[in-house]
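The structure's right below; bear with me while I get my questions together.
A, B, ... follow the sequence lines: proteins, then strands. Residue 1 opens every chain.
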Number of protein chains: 2
Amino acid sequence: MSESSTTDTKTSILDAAEMLFVEKGFDGTSLRSVVAKADVNIAAVHYHFGSKESLIQAVLARRLEPINRERLERLAALRESNGKGELQLEDVLRALFEPALRLAGGGEPGSNNIVRLIGRIFSEPSHALQLFLKDRFRDVFENYTSAFREILTELPDLDFYWRIHFMLGAMCHTLCDRERPVILSGGVCDVESQHEVLEQLVAFVAGGLRAQSTGGK
Amino acid sequence: MSESSTTDTKTSILDAAEMLFVEKGFDGTSLRSVVAKADVNIAAVHYHFGSKESLIQAVLARRLEPINRERLERLAALRESNGKGELQLEDVLRALFEPALRLAGGGEPGSNNIVRLIGRIFSEPSHALQLFLKDRFRDVFENYTSAFREILTELPDLDFYWRIHFMLGAMCHTLCDRERPVILSGGVCDVESQHEVLEQLVAFVAGGLRAQSTGGK
DNA sequence: AATTCTTTCAAACGTTTGTTTGAATTTGCA
DNA sequence: TGCAAATTCAAACAAACGTTTGAAAGAATT
């Protein structure tokens, strides 16, 4: 088996699909446009991935796996370095946001696009995709939720879970739409500055999470 | 001309399309599935709307117009009732969020779905749709942005615009995904309670907007 | 060199897509 | 009632869709 040629074809398809999914969406992207961009035969998609649905999941898995692995590693590292001390909210937020945001400012050309894709998948209607994501994010969600729970001890459950939800919204929206802040602000915001995006997002979310409870039980 | 029959056909198409767009997305919804649900002839779509793209915009416009009109009215009312006094952040947030959120708890069965659709359109890749939305939201955006600017006087421009962006993210995510909070929280959150959603969202966003600046210029 | 497995390819499969046509039907107005 | 406009309808259009096929080409193993 030609390891390199196989990898090249598969990778070409993944790269092309990734870009087109960002531009046109999953349903809006045809396999024919993918193989045209990748310069491979259309049958190669089904040979290497089996179906369009599986291709979508492969595109996502390739990026989500390292991101979510690093998220877990960084949270574990925070716990270890802190000993028995309390976790700091901003540290946990950075550990959660940065692995995804760094891809946006990363070196490889395509990596900028995938960030938008990751932000968008949560609002995709496909049930199969939602189940797939639930699996991929379970560990990250459980670990970070309990970390936040340790920090926000005084917050009632009701407020806590709502705010986790809002936090995900701010994060997904930021990942998804890389142009709006620049347009809205007339060029003041710089989405290319990974540090700026991260610190602004951390400050906003931390402020939201720490806000006084609305008085729920 | 039979006003009622015409209206009925057009409305049936709009209602059916609205529900299917929520379930399957714009690209994932075929006109044939729309006319099947609406129980009308397929040619009726092009007779009344011209094209699928125009149908999409008509579905959105029907709901967005009253929502955005009420948003502007409520902000104007706030300004008037306050006289020369300062606007209160929470009041402005409620004026912005409630017209959309109220549809979720509204009486008519279909209205629950459209809220999810409104939350999702911002992450739609279609350029034509983005231009359409930019037009529809211009007034609301400009008026509310200047209102927030009056309130958050001490916030640097950089922080201000980023936070407007994050606020939209939390709002869209909340509108878009009506099940996640319930699932995440194991039933603690109640998305059916319009008051609960509104006050939780207002508290989080207000906390985020009021957070200390990260030290930008 | 012969053989087996992997990978690529052009071509076609049947379906479904958005859109159009032209005739039939219904409606509003004189 | 009669005419003209508005609306509905069945049928068909070309194009694009995801998927499959079976043979050709390539790589690895014996």
Side-chain angles (χ1 to χ4, degrees), chain A residues 1-62 117 124-129 132, chain B residues 1-62 117 124-129 132:
Chain A
M1 150 173 92
S2 163
E3 186 69 36
S4 67
S5 121
T6 293
T7 301
D8 283 349
T9 298
K10 285 187 75 169
T11 305
S12 304
I13 294 173
L14 287 173
D15 289 342
E18 189 173 275
M19 296 185 212
L20 289 167
F21 287 159
V22 172
E23 292 172 30
K24 308 280 189 180
F26 296 123
D27 287 324
T29 299
S30 69
L31 292 185
R32 281 176 174 79
S33 67
V34 171
V35 299
K37 197 180 192 84
D39 198 31
V40 301
N41 190 274
I42 179 144
V45 173
H46 295 87
Y47 176 76
H48 287 287
F49 299 98
S51 69
K52 183 181 182 180
E53 183 69 32
S54 300
L55 172 63
I56 293 174
Q57 299 188 357
V59 167
L60 295 175
R62 179 173 67 151
L117 196 54
E124 277 289 326
S126 157
H127 292 153
L129 198 55
F132 169 80
Chain B
M1 152 173 96
S2 164
E3 185 69 37
S4 67
S5 125
T6 294
T7 301
D8 283 349
T9 298
K10 286 187 74 170
T11 306
S12 304
I13 294 174
L14 288 173
D15 289 341
E18 190 173 273
M19 296 184 212
L20 289 167
F21 288 159
V22 173
E23 292 172 29
K24 308 280 188 181
F26 297 123
D27 288 323
T29 300
S30 70
L31 292 184
R32 279 175 174 79
S33 67
V34 171
V35 300
K37 197 181 192 86
D39 198 31
V40 301
N41 189 275
I42 175 117
V45 173
H46 295 88
Y47 176 77
H48 287 288
F49 299 97
S51 67
K52 183 181 182 180
E53 183 69 32
S54 300
L55 172 62
I56 293 174
Q57 299 187 358
V59 166
L60 294 174
R62 179 173 66 151
L117 196 54
E124 276 289 326
S126 158
H127 292 154
L129 197 55
F132 169 80

(request) Select base, sugar-phosphate, or nothing to describe what A/A43 touches, counting heavy atoms under 4.0 Å on all strands. (result) base
(message) Whole angstroms only, please: what is the CD1-C1' distance between A/I56 and D/dC17?
(response) 14 Å
(request) Mind calculating the distance between CD (A/E53) and P (D/dG18) to the nearest angstrom? (result) 12 Å
(request) Round to a whole Å and report the spacing from CG of A/D27 to P of C/dG18. (result) 11 Å
(message) Between C1' on D/dT7 and OH on B/Y47, what's the gap in Å once rounded to a whole number?
(response) 5 Å
(request) Consider the side chain of B/H48, meaning its heavy atoms from C-beta on, and name the nucleotide among D/dG18, D/dT8, C/dT17 that approaches it most closely. (result) D/dT8
(request) Give the rounded distance in Å between these two atoms: NE2 of A/H46 and C1' of C/dA11. (result) 15 Å
(request) Output yes when A/D27 and A/K52 qualify as a salt bridge under the 4.0 Å nitrogen-oxygen rule, no when they do not. (result) no
(message) Using whole Å, what does the distance between atom P of nucleotide D/dT8 and atom CZ of B/F49 come to?
(response) 11 Å
(message) By the definition side-chain contact (heavy atoms from CB on, under 4.5 Å), identify the one residue from A/V40, A/V45, A/L14 that meets it with A/T9.
(response) A/V40
(message) Between A/F132 and A/I56, is the side-chain contact (heavy atoms from CB on, under 4.5 Å) condition met? List the steps.
(response) CA-CA 10 Å; A/F132 169 80; A/I56 293 174; over 6 Å; no
(message) D/dT7, OP1 or OP2 - any side-chain N/O from B/T9 closer than 4.0 Å?
(response) no
(message) If I take atom CZ in residue A/R32 and atom C1' in nucleotide C/dT15, what distance separates them, rounded to the nearest angstrom?
(response) 12 Å
(request) Ignoring the backbone of A/S51, work out which of D/dT19, D/dC9, C/dT8 is nearest its side chain. (result) D/dT19
(message) I want to verify a distance call: between C/dA11, C/dT17, D/dA10, whose nearest atom is closest to the A/I42 side chain?
(response) C/dA11
(message) With a 4.0 Å cutoff (strictly under), does any side-chain N or O of B/S30 reach OP1 or OP2 of C/dT17?
(response) yes
(request) Mind running side-chain contact (heavy atoms from CB on, under 4.5 Å) on A/V35 and A/I13 for me, showing each step along the way? (result) CA-CA 7 Å; A/V35 299; A/I13 294 173; 5.5 Å; no
(request) Would you mind classifying the nucleic acid contact of A/T29 as base, sugar-phosphate or nothing, using non-hydrogen atoms under 4.0 angstrom? (result) sugar-phosphate
(message) If I take atom NZ in residue A/K24 and atom P in nucleotide C/dT17, what distance separates them, rounded to the nearest angstrom?
(response) 20 Å
(message) Taking the minimum atom-to-atom distance to the side chain of B/L31, which one of D/dT8, C/dG18, D/dA10 wins?
(response) C/dG18
(request) May I have the step-by-step check of side-chain contact (heavy atoms from CB on, under 4.5 Å) for B/L60 and B/L129, ending in yes or no? (result) CA-CA 10 Å; B/L60 294 174; B/L129 197 55; 3.6 Å; yes
